[in-house]
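The structure appears below as structure tokens.
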Amino acid sequence: MKLWGGESDSGCCSVSDVEDARRSAAQLGVDHHVFNFGEEFEEYVVAPYVADHAQGRTPNPCVECNRHLKFDVLLRRAELLGFDAVATGHHARIVELPDGTRRIGRGADSAKDQSYVLYPLTAAELQRVVFPIGDMTKDTVRELAAGLGLRTASKPDSQDVCFITKTNGRADFLAARTELHPGRIIDESGKDLGTVQAVELVTVGQRRGLNLAGGTGRRFVTDVDVDAATVTVGPPQRLLRDSLVLDDVVWADGPVEGFVRAQTSAHGKAMDATLGVAGEGSVTVTWSEPRRRVARGQSVVLYQRVETLEGEDEVVIGGGLAR
Amino acid sequence: MSSAIEGTGLSTDARSDDDAGPVDFDHAATTRVRPEVVAAMAPFHDDRYGNPSGSHLVARDAVRAVDEAREQIAGIVGCEPGEVIFTSGGTEADNHAITGGLPPRAGIPVCSAVEHHAVLDVVEALGGTVVGVDRLGRLDLADLAVKLEELDGQVAVVSAMLVNNEVGTINDLSAVATVVSGFTSVAAGGKGRIPLHTDAVQGAAWLDLRSTTREADLISLSAHKLGGPKGMGALIARNSAPVRAMILGGGQERERRSGTPNVAGIVGFAVALGLVDAERVETTARVARLRDRLLNGLVERVPGLVPTVDGTVGVAGSCHVCVEGADSESLLLLLEMGGVVASAGSSCASGARETSHVLKAIGVPDDLARGAIRFSLGVDTTDADVDRVLAVLPDAVERVREFGL
């Protein structure tokens, strides 16, 4: 898919990346086509990314790309052309349950597990998706690629947001598309501790890059108020919460209640919690022990151990956005 | 893609009668090299391999072949042999014409909004001015006059393509020349004549260059658009608008374009152009009839399909349409699976489709431009080819609309 026409050094969208894909496909005997979904990418991934930051939310564009591009537009294009399935290189597995439905399981390489970013996929979509490398470690994948003579075998991992370059970074990208406002850094009592250049770039839980004056102990961002242009900092205890609410919840196969494990970042640890209903399309996640506050808009993915055809496995049962 | 075809209901026996691959409706992108051209070029890859820049026996044989080709091309174009500068293709010729060589001509270059990027990008890089076009893609003469008035005494060159590569519209260069002649260039202390350039890369395949480019001082030509080899073209630079070299070195082409001549390509180019010239009347009539049958057939069978420009203003091979409520990329993929290749715009580097600046300039609304398809016919297009498109496109459009893609 050609998604981004701007600068790109992530290893995904530049003309040389297209050439890498094209050559690898030719070597594997696969037809290579370029599908242009730049407009959809702008509408569903880039524009919301900018808007979210402007509102003090912390988006995950990779989740949105999966939700709208890879497993919506691309799946529909594939169906249009008469294909049976879409295969991607995600480190995740498709797990079959005894009732014949499918869920997303973690990739065999736990350091590379990408089940988190795949949570928007429905059970119906999973019927037409394949993750061929989900059972392999990254090292194995590279070995196999090298064995096949693919030039991408030793290509660095594509990481980070594909439309933000290392050279210019997130700040430059956003500054070009929206107004960024300086803000005050304050402690709980409202005392001024410093300033930030752009309040929209600060995230709850952040510790670095604040340039705080004096004070003892580690201080974290405990709250960001874009409207008031203030960033509140405090000791780590101030970040702890007993629960959080998720909005825009999607389920792998219908709502679930009770005991789950919730993961609040792409490669973070999943932690014990219980689910409760919180209104239409929302759930409460109550932690078994207090956990750090999750930034607004961040994706939280819910896992459960279920019985599968192979035995038992931890699978994605749904996810939503932190309120 | 063959295994996927079953799921779409499109036929798997999607090959043309001679099973030589898909039916080609992308002649504007490139054409098959004519067998006569291949035959004419062969000796120059063999015994007659000399470098014309030398002076010995082997070289002189190559010189003669180039001289003859040059004369033949000059005769067809209507210029002096010495006004023919062989290049690596249309893009180089365009670059050379707009810059005038190194260093670039003084003054401001001017071109139409629908020029190929090989003209447009050069004009923009030199800080030039773009003139609007009418709904058919022809240079807007009133806008040209206004802009030349503003820039009077400062213009370097005016460029208007003979035939647009996307929608096929023909420009009346004589009318353009009349407007241009009312203004002066930056040369001769602001009192010089403004040279007129025309990109005739598409036009040369269909029109009599002698009459249609008579008023142009500079003309770009490309061999692979008319049955000749790729990587071969010419800049006609009349004595009225001489150019400096853009590529320096051994001083070939009378110090105007260095580099060992592509002898085989030059010979092939001349043969190809000769065939086009000899066959023009017959080819144009035959292809126009096929194009009209294609266009009428499509309009009849596909609701919401419209011709992009009025059919009477374009060259015989041009059939550009817009399909409402359908994405052209999806349509082109289904067409390919149905054994037809066509395109949505001009063929460019990244393989990615760009929203056509031509369609924007002529005022096609974005949602219609989304479904733009260019069918371009050529010398070898047959009735069976047209039948194939008429059989495949209607279902493809329905399917794409169903999917909302």
Side-chain angles (χ1 to χ4, degrees), chain A residues 1-9 12-26 28-44 46 68-87 124-125 127-130 162-163, chain B residues 1-12 14 21-22 323 325-341 343-357 360 366-373 392-393 395-405:
Chain A
M1 298 186 286
K2 173 103 183 126
L3 301 174
W4 178 245
E7 270 185 64
S8 176
D9 64 5
C12 285
C13 252
S14 70
V15 175
S16 68
D17 296 319
V18 174
E19 284 172 9
D20 284 347
R22 189 172 67 227
R23 281 306 299 147
S24 299
L28 296 170
V30 173
D31 279 350
H32 180 259
H33 297 267
V34 177
F35 291 168
N36 287 277
F37 296 140
E39 268 177 37
E40 291 87 342
F41 190 70
E42 175 63 38
E43 184 182 341
Y44 292 114
V46 180
H68 294 289
L69 275 297
K70 293 201 183 86
F71 302 103
D72 183 12
V73 176
L74 180 61
L75 254 188
R76 284 187 4 238
R77 170 67 71 82
E79 207 187 335
L80 172 87
L81 299 175
F83 285 93
D84 304 305
V86 168
E125 284 163 352
Q127 295 288 339
R128 292 183 294 128
V129 167
V130 187
C162 68
F163 52 89
Chain B
M1 279 245 194
S2 47
S3 63
I5 294 177
E6 279 145 39
T8 60
L10 292 174
S11 162
T12 48
V323 180
D327 174 72
S328 62
E329 187 171 274
S330 294
L331 288 174
L332 289 169
L333 285 162
L334 286 178
L335 274 172
E336 182 182 316
M337 289 169 63
V340 175
V341 296
S343 79
S346 64
S347 334
C348 291
S350 67
R353 181 194 41 166
E354 283 160 3
T355 335
S356 164
H357 67 288
K360 263 207 200 61
D366 281 345
D367 57 308
L368 214 50
R370 230 187 111 238
I373 303 192
V392 172
L393 190 62
D395 286 341
V397 171
E398 211 182 285
R399 189 174 168 90
V400 169
R401 283 176 174 159
E402 232 177 76
F403 275 76
L405 286 174

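Predicted model, so just to flag it, every value in this text is computed and none were measured. Chain naming here is simple, since letters A, B, ... match the order of the sequence lines and numbering starts at 1 in each.
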Exercise. Got a sec: does the CZ of A/Phe163 have more than 12 other heavy atoms crowding it under 6.0 Å?
Worked result: yes
Problem set entry | Other residues, nucleotides, ligands: >12 heavy atoms within 6.0 Å of B/Glu398 CD | no
Exercise. Tell me, do B/Asp327 and A/Glu39 make a side-chain contact under 4.5 Å, heavy atoms counted?
Worked result: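 They are not in contact (no side-chain heavy atoms under 4.5 Å apart), so the answer is no.
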Point-to-point distance, once rounded to the nearest 0.5 Å, from [atom1] of [X] to [atom2] of [Y]:
X        : Y        : atom1 : atom2 : value
B/Glu329 : A/Lys2   : CD    : NZ    : 12.0 Å
A/Glu40  : B/Leu405 : CD    : CG    : 8.5 Å
B/Arg399 : A/Glu79  : CZ    : CD    : 7.5 Å

Kindly give the heavy-atom pair with the smallest separation between [X] and [Y], and that separation in Å.
X        : Y        : result
B/Leu333 : A/Phe35  : CD1-CE2, 3.3 Å
A/Leu80  : B/Val400 : CD1-CA, 3.7 Å
A/Arg76  : B/Gly404 : NH2-O, 3.5 Å

